[in-house]
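Single-structure report; data block below.
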Amino acid sequence: MNQDYNWEKYEEYEDLLIVISKKYCRIIGDFDLFEDLKNAGAIGLARASAKYDPENGASFETYASHWIKDAILKELNNNWSFIKIPKRQKLLMMKVKKLKNEYSQVENEERCLRLIADELGLSEDDVNDLLVLSYRVGGRISLDTPLSEDDETTIGDTIASENQMSVEEAVFRSIMEEEMEEYLHESLSERSIRILKMRYGDEKMTFDEIGKILDISAARVSQIEKTTMEILRRSGKFRKFLEYLAA
């Protein structure tokens, strides 16, 4: 048997391996990678089993976690160009990295992670994992990263078209737009969304104009708008909705 690997602890710590593998799948946004990451992590677990020395003071679980994560990160690094990452995750990783560069100039590491987590609504562990992943893959989440396999548009193209914005503002705006679009379609009917966009978007149409397009009365348009705006206000999304339309 190769002395660099010991598979005796695999069954005992398979749950740990599964948890860590799923965590990185969630960060990347693709659970189809689970088996590949688990297999890579298993090699890390086997190496940890062979090298572990209890006299070093760390528990085996802590020690093994380090080796599992390292093996998974190497797997991702080696196959990054073949991995499909959702647009939202690419933008989020880039946003976390940019905020880290900003906050690290004036804050210590612990507070830096806490500030980023609060700003993006993430846990500090998730922020840390996103940072580690973004740096370990050699900066391949960059302005040249394609938004998807079927779209040659890059993050840089999206940002470059908004040349009055900083990179950070453009990334945040892209994330905000996607989140708002998702919220609207989860909470409102298609007709309600369409009415709001016609009323508050670039065209700023009247109730009569909208009613003619949708073949309903102006009074009905007004009623739908009032109900929909109340939903947005109660959810605290009204201001974000206006920012979304202005984007």
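- For the salt bridge (Lys or Arg N to Asp or Glu O under 4.0 Å) test, no residue two or more places apart in sequence or in another chain qualifies with R194.
- Rounding to the nearest 0.5 angstrom, the gap separating the CG atom in D129 from the CG atom in L122 is 11.0 Å.
- Under the 4.5 Å side-chain criterion, counting only non-hydrogen atoms from C-beta, K97 is not in contact with L130.
- Cluster annotation: I231 is connected to M229 through the hydrophobic network of ILVMFWY side chains, with a link wherever side-chain heavy atoms come within less than 4.5 Å.
- Salt bridge R47/D70: absent, no basic N to carboxylate O contact under 4.0 Å.
- Within the 4.5 Å cutoff, the side chain of M198 has no heavy atoms near those of the F207 side chain.
- Two residues are said to be in side-chain contact when any heavy atoms from C-beta on lie closer than 4.5 Å; Y10 and L17 meet this criterion.
- When side chains are defined from C-beta on, L120 counts as touching L99, because their heavy atoms get closer than 4.5 Å.
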Criterion side chain to side chain contact (heavy atoms under 4.5 Å, CB included) on L76 and I28, from CA distance to verdict: CA-CA 10 Å; L76 291 173; I28 294 170; 3.4 Å; yes
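- For the residue pair N6 and A50, the shortest heavy atom distance occurs at CB-N, 3.7 Å.
- Residues D125 and K23 are in side-chain contact: their nearest non-hydrogen atoms beyond the backbone lie under 4.5 Å apart.
- Here the OG atom belonging to S192 is positioned 12.0 Å from the NZ atom belonging to K197, to the nearest 0.5 angstrom.
- The CD atom of E61 sits 9.5 Å away from the CD atom of E12 when rounded to the nearest 0.5 Å.
- Donor-acceptor pairing under 3.5 Å is lacking for the side chains of S65 and T62.
- Put simply, the side chain of N128 never gets that close to the backbone of E124: no donor and acceptor are under 3.5 Å apart.
- Listed for the S49 side chain is a donor-acceptor partner under 3.5 Å among the backbone atoms of L45.
- Counting only heavy atoms from C-beta outward, the side chains of S189 and I193 never approach each other to under 4.5 Å.
- Nearest approach of A40 to A71, heavy atoms of both residues: O-CB, 3.3 Å.
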Audit row: D126, R26, salt bridge (Lys or Arg N to Asp or Glu O under 4.0 Å) steps and yes/no: CA-CA 10 Å; D126 281 348; R26 177 170 53 81; 3.2 Å; yes
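- I116 and V96 make their closest contact through CD1-O, 4.1 Å (heavy atoms, listed as atom of the first residue, atom of the second, distance).
- Seen from the ring of Y24, K69 does not count as a face-on cation partner, given the 6.0 Å and 45° thresholds.
- Ring geometry for F60 against Y52 counts as perpendicular: the plane angle is over 60°, on a 0 to 90° scale with 30° as the lower cut.
- The aromatic rings of Y5 and W7 lie parallel to each other, their planes meeting at an angle below 30°, with 60° marking the opposite boundary.
- Side-chain contact between L92 and I27 is absent, with no heavy atoms from C-beta onward closer than 4.5 Å.
- Listed here is the closest heavy atom pair of W67 and G44: CB-O, 3.3 Å.
- Judged by distance alone, the side chain of E230 and the main-chain N or O of T227 form no donor-acceptor pair under 3.5 Å.
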Result block: side-chain N/O donor-acceptor pairs under 3.5 angstrom for residues 211-225, not counting sequence neighbours:
from	atom 1	to	atom 2	distance (Å)
S217	OG	R220	N	3.0
R220	NH1	Q223	OE1	2.6
E225	OE2	R199	NE	3.1
E225	OE2	Y200	OH	2.8

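- Here CD1 of I18 is found 15.0 Å from OH of Y13. Values are rounded to the nearest 0.5 Å.
- Annotation: the span from S123 atom OG to L113 atom CG amounts to 10.0 Å, rounded to 0.5 Å.
- In plain terms, the two heavy atoms of S21 and K38 that are nearest each other are OG-CA, 3.3 Å.
- Annotation: the span from L196 atom CG to T228 atom OG1 amounts to 5.0 Å, rounded to 0.5 Å.
- For K22, the NZ atom counts as loosely surrounded, since its 6.0 Å shell holds 12 or fewer non-hydrogen atoms of other residues, nucleotides or ligands.
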